[in-house]
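Here is the structure we will look at.
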Amino acid sequence: MHCSCGSSPDHSSGGLTALTCPVRPGTFPAMPYTPATFEPKWQAHWRENEVFRSENDSQKPKFYVLDMFPYPSGAGLHVGHPKGYIATDVLSRYKRMCGFNVLHPMGWDAFGLPAEQYAIETGTHPRETTQRNIDNFRRQFQALGTDYDWSREIDTTDPGYVRWTQWIFRNLYEKDLAYLAEVPVNWCQALGTVLANEEVIDGKSERGGHPVTRVPMRQWMLRITRYADRLIDDLDGVDWPEAIKKMQRDWIGRSSGARIAFALPDNEGQHLEVFTTRPDTLFGATYMVLAPEHPLVPELTTADQHETVEAYVDQAGRRSERARLAETHEKSGAFTGAFAAHPVTGERIPIWIADYVLATYGTGAVMAVPGHDTRDYEFARRFDLPIVEVVAGGDVAIGAFVEDGTNVNSDFLDGLRTPEAKLRMTDWLEEHGRGEATINYKLRDWLFSRQRYWGEPFPIFHQEDGSTTLVPESDLPVLLPDLDDFKPSGEFEPPLARVSDWIETVDPETGKRVRRDANTMPQWAGSCWYYLRFCDPRNTNEAWSQEAEKYWMPVDLYVGGAEHAVLHLLYSRFWHKVLFDLGLVHTVEPFQKLLNPGMILGYSYRYYDDNPNDLPDASVTAYPSSETQTLEESIVHGETGATLKTRWVAADDVVWNDDGVPMHPTIPGLALEEVTEKMSKSRGNVVSPDDVIAEYGTDAMRLYEMFMGPLEKGAPWSTDSIPGVYRFLQRAYRLVIDEDADGERPAAIAPGAGNEAQARLTAKTTHGVTQDIEEMQFNTAISKLMVFVRDITKEGPLPRDAAESFLLLLSPFAPHLAEELWQRLGHAESLAGEPWPTADAALLVEDTVTLAVQVNGKRRSEIHVPSDAGEDAVREVALADVAVIRHLDGREPKKVIVVPGRLVNVVVG
RNA sequence: GCCCGGGUGGCGGAAUGGGUAGACGCGGGCGACUUAAAAUCGCCUGGCUUGUGGCCGUGCAGGUUCGAGUCCUGCCCCGGGCACCA
């Protein structure tokens, strides 16, 4: 590996240019702390000697720590990415030293849109782009000093991996969990593909924010809904952030209630089914509402209402998802002219259609209980429909009462509390064959095909009779044909559809002519099971061996972004449960503990101009944020009302005026607005780890990211604080290396454990750092290491025992420096194989303790007492304290509270 | 609108089975070294106050307690998620 060398740093002349000059083994240049002289050396050492290789046949206890593997984008890593990677690296190095056989692998989620879009633009095959990006990512990961076991590297686009992804699809198909269906799908024109429900947010694509429309299409679906209950219930057994669990539960959206049948007296043999969570309010149902798309709408609508209904259905169909959302509170609808019979009273109640009822949830029809449902209430008010109170507790003249209460106006339910009334009504419905208890889910089946090239082909043959069969296992993998032109073939046609000599083939089992499936799998497919492949990545006979899976699974710690809460994490749990049912894995859940590192943000700088459509020859005026006004959909000039477009100035181009205000580099007097947001190329706020490493070294970069705050918390990247950790590393270096001599000699190091204070500090640091790492509180662990370096030589030269313990404690955070100093202390072996130090418990107990002394709860003094002093002795010392006597001012203490090891509080009246 | 997080010095953040608020770092100040600067090292650094000392202080207002950043009640603000799911 060669390293690029950035601008010369201002604090250590000459040192970093050595980056390009490899250090000869065994020579120590006479220099101060210059990480560039030894960091690449140790990275090469770890790699070449496979120091971090993990074996499957170990007798040691295992520890599987996994990062969500990245999509290798063309832009490379930015400083926002490594936070989680460094955290798992610290932990895995620590666990290894604690005697665990650690699995810490890395790979590439390498199918995906950007490579394909790049291919459409330039004709470069995605395989080529992907390979280049992977090489760059691997280089960057290695430059971060990570301890990945590269012998287990995975690439989801590799035929040897695709084969097993297709093999799992075969299993899904055979278990009747994969099926083709003509369904309304989310079509994204800009991306040229359909998307899963989980990939659509506010009517726009999760990636890129492009508009999405509903189009009926024949697509592959996976029956994730069959696992809905287990996907909810098994969350109880995993150690995940509550917020993520909740998002998954909400997404699955389980609710229990009843299905109720309403007869249609005017339509022979037909009936309407509704789902409700409140069967107890059935007597309050005064009308019904169907979704405009409900299949019975045309049939039910009476002749005189035909025109109105058709107009409404048409309008609802054309209204975009966004428009529907925008008018959440303005209810609309139309009367069909038809009536249903109330299942208990037989009363005729009118049937309406309205777009507040969703076709895709429940039965697409509801019984409207305006007295006890907010939406029905609004609708009833809008169209003057009757509102009946059936649960006492609120006032239906003012609004819907949606809480539990006691039934009224409800015949046989009167006087019952809500939970009992629900049961009673459900029983009644079941007895009379008018309904039954049921559970409903928001979760829909998973739309699993994409109209793209760069993904896994389906191992499917379309037979001439229209049926589908599986490609035999022995013929896997089904590989992508090579293309020169990656553009979609037509409006909804994937690029593969036009490759006729690939599409048209022969079924090897029957010899019949068959067609392949032109769709490919979504990017989630590869990431659904990669954690299993890491257990046994080079197995060519099976996806993984049973022994490997039994040994390594489950993943003990999984670290990655919270943005995958309902995407990757839900999908992979689903696959895992299917594999569990097939007896292929032995745990019900794949990821035991989950942690979401906070996002590192960048500062970006914006202004606006009045050329929203980017017309080339327009005369453009630029405005600062202060003159703009944000409307619902757009940003306009505060005075003229002209539509404006946001423009961004790259952080590097910003000019700062004397008052510290960011200014536009070329437009005079234009102040920019500083905002902190996710790093992205388009915002010009990306900081590359390559640059940070070139200037301060890898250890400083690692230490800074771990020191800036708790792992779960996000924060803007600020280069200002790096010199602090850099200085700490420098001090640590000088602690061991005598810089004033020729830099080759170790500093004066005393044999043994040193004096008592030094031994105590060493023990305290060892104990504290260990505990902090166990709790993933890396920022406080680092602070304890800083205290050690500051104080250890205060009363004597550095003791050898202290030095060695310190280097071992430092090594997970700053592995290069620790290895370098360890070697200079005379060790021949890498410290990665050393056992983690332990603290002598006897040294952790102090002889004397300092207690705060309060008078009436206010701190007035402090006393020093032997740590084993009794309560009476402590009280005596406290009451004899001059400051205490002064504040007592002759008054008698009413009570003296002694908190051992903490404080004394003297209470007076 | 609903549901989660979270508000602590100029800044990043420590400290919660209630017990010395502000560890550690950044920034700032003073000093040492130096012809000088940089680097380095040492000390100081929540606010107010006339010194030793005192008063105030963890978003705001109350409460419980000998004692509250930590517990309770009611608000305010910020970040994230969901958004007609019957």
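Labels below follow one simple rule: chain letters A, B, ... track the order of the sequence lines, proteins then strands, and each chain is numbered from 1. Note that these values count all heavy atoms, side chains included, but never hydrogens, waters or copies made by symmetry.
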A:E198 (side chain) donor-acceptor with A:V566 (main chain) under 3.5 angstrom: no
Per-nucleotide protein contact string for nucleotides 48-56 of chain B, where B marks a base within reach and S marks sugar-phosphate only (heavy atoms under 4.0 Å, - for neither): -----SSSS
Whole-Å distance separating the CG atom of A:D280 from the P atom of B:A86: 14 Å
CZ (A:R249) with more than 12 external heavy atoms under 6.0 Å: yes
Side-chain (A:D404) to main-chain (A:T418) donor-acceptor, under 3.5 angstrom: no
Nucleotide of B:C41, B:C84, B:G19 approaching A:K331 most closely (side-chain heavy atoms): B:C84
Working for side chain to side chain contact (heavy atoms under 4.5 Å, CB included), residues A:T762 and A:F788: CA-CA 7 Å; A:T762 306; A:F788 174 90; 3.8 Å; yes
B:G53, syn or anti by chi within 90 degrees of zero: anti
Flag if over 12 foreign heavy atoms under 6.0 Å of CD, A:E846: yes
Whole-Å gap separating C1' (B:A23) and CG (A:N779): 11 Å
B:G18 versus B:U65 - spacing of their C1' atoms, nearest Å: 9 Å
Touch class at under 4.0 angstrom, heavy-atom based, for A:K784 against every strand present: nothing
Separation of atom CD in A:E403 from atom C1' in B:C2, rounded to whole Å: 13 Å
Of the listed nucleotides B:U20, B:C24, B:C66, the one nearest the side chain of A:V907: B:C66
A:R859 CZ to B:A68 P, straight-line distance once rounded to whole Å: 16 Å
Among B:A14, B:A23, B:A86, the nucleotide that comes nearest once only the side chain of A:S255 is considered: B:A86
Salt bridge present between A:R259 and A:E273 (N-O < 4.0 angstrom): yes
Out of B:U20, B:G67, B:A14, whichever nucleotide has its closest atom nearest the side chain of A:E862: B:U20
Centroid-centroid distance, A:Y704 to A:W717, less than 6.0 Å: yes
A:Y377: partners by side chain to side chain donor-acceptor pair (under 3.5 Å), with sequence neighbours left out: A:R381
Residue whose closest nucleotide on RNA chain B lies nearer the 5' end, A:N440 versus A:V899: A:V899
Distance test, side-chain N/O of A:Y361 to OP1/OP2 of B:A86, below 4.0 Å: yes
Value in whole Å for how far the C1' atom of B:C84 lies from CG of A:L290: 16 Å
Pairwise C1' distance, B:G7 and B:G69 [rounded to whole Å]: 11 Å
A:Y361 ring center within less than 6.0 Å of A:Y441 ring center: no
Rounded C1' spacing from B:G53 to B:C33 in Å: 37 Å
Between B:U64 and B:U50 - C1' atom distance, rounded Å: 39 Å
Separation of atom CD in A:Q248 from atom C1' in B:G81, rounded to whole Å: 13 Å
Result of checking A:T766, A:D772, A:T765 against A:K784 for side-chain hydrogen bond (donor to acceptor under 3.5 Å, both in side chains): A:D772
Stretch residues 767-777 of chain A: residues that reach within less than 4.0 Å of RNA chain B through a heavy atom: none
Inter-nucleotide P distance (B:G67, B:U20), Å rounded: 15 Å
Base of B:C66 paired with side chain of A:K894 (donor-acceptor, under 3.5 Å): no
Distance, P atom - from B:C26 to B:A21, rounded to whole angstrom: 26 Å
Neighbour count above 12 (heavy atom, 6.0 Å) for A:K245 NZ: yes
Candidate list A:T363, A:V366, A:I351, A:I260, test side-chain contact (heavy atoms from CB on, under 4.5 Å), partner A:L272, passing option: A:I351
Under-4.0 Å salt bridge between A:E242 and A:K246: no
5' priority, RNA chain B, between A:R444 and A:Q854 [closest heavy atom]: A:Q854
Given B:U20, B:A86, B:C24, the nucleotide with the shortest approach to the side chain of A:T276: B:A86
Rounded distance (Å) that lies between atom P of B:C3 and atom NZ of A:K246: 9 Å
Stacked cation flag A:K331 on A:F379, 6.0 angstrom / 45 deg: no
Touch class at under 4.0 angstrom, heavy-atom based, for A:K442 against every strand present: base
Sugar-phosphate only, base, or nothing, as touched by A:P710 at under 4.0 Å among non-hydrogen atoms: sugar-phosphate
Pairwise side-chain contact, A:I722 with A:V692, heavy-atom cut-off 4.5 Å (strictly under): yes
Rounded distance in Å - CG (A:L570) to P (B:C82): 13 Å
Dot-bracket encoding of pairs in RNA chain B, which uses [ ] for pseudoknotted crossings and | for another strand, Watson-Crick or G-U under 3.5 angstrom: (((((((..(((......[....)))((((((.......))))))((((...))))..(((((..]....))))))))))))....
Which atom pairs link the protein and nucleotides 25-33 of chain B when you take only N or O atoms and keep those under 3.5 Å?
| residue | atom | partner | partner atom | Å |
| --- | --- | --- | --- | --- |
| B:C26 | OP1 | A:R727 | NE | 3.1 |
| B:C26 | OP1 | A:R727 | NH2 | 2.7 |
| B:G27 | OP2 | A:R727 | NH2 | 3.3 |

Any pair counted as salt bridge (Lys or Arg N to Asp or Glu O under 4.0 Å), so long as it reaches residues 434-446 of chain A, sequence neighbours left out: none
Inter-nucleotide P distance (B:A32, B:C55), Å rounded: 37 Å
Under 3.5 Å donor-acceptor, A:T34 side chain and A:A36 backbone: no
Distance below 4.0 Å between A:R734 side-chain N/O and B:U40 OP1 or OP2: no
Selection from B:G19, B:U40, B:G13 that lies nearest to any side-chain heavy atom of A:Q730: B:U40
Nearest-neighbour nucleotide for the A:D373 side chain, B:C24, B:A86, B:C4 considered: B:A86
Same-atom distance (P) from B:A68 to B:C84, integer angstrom: 46 Å
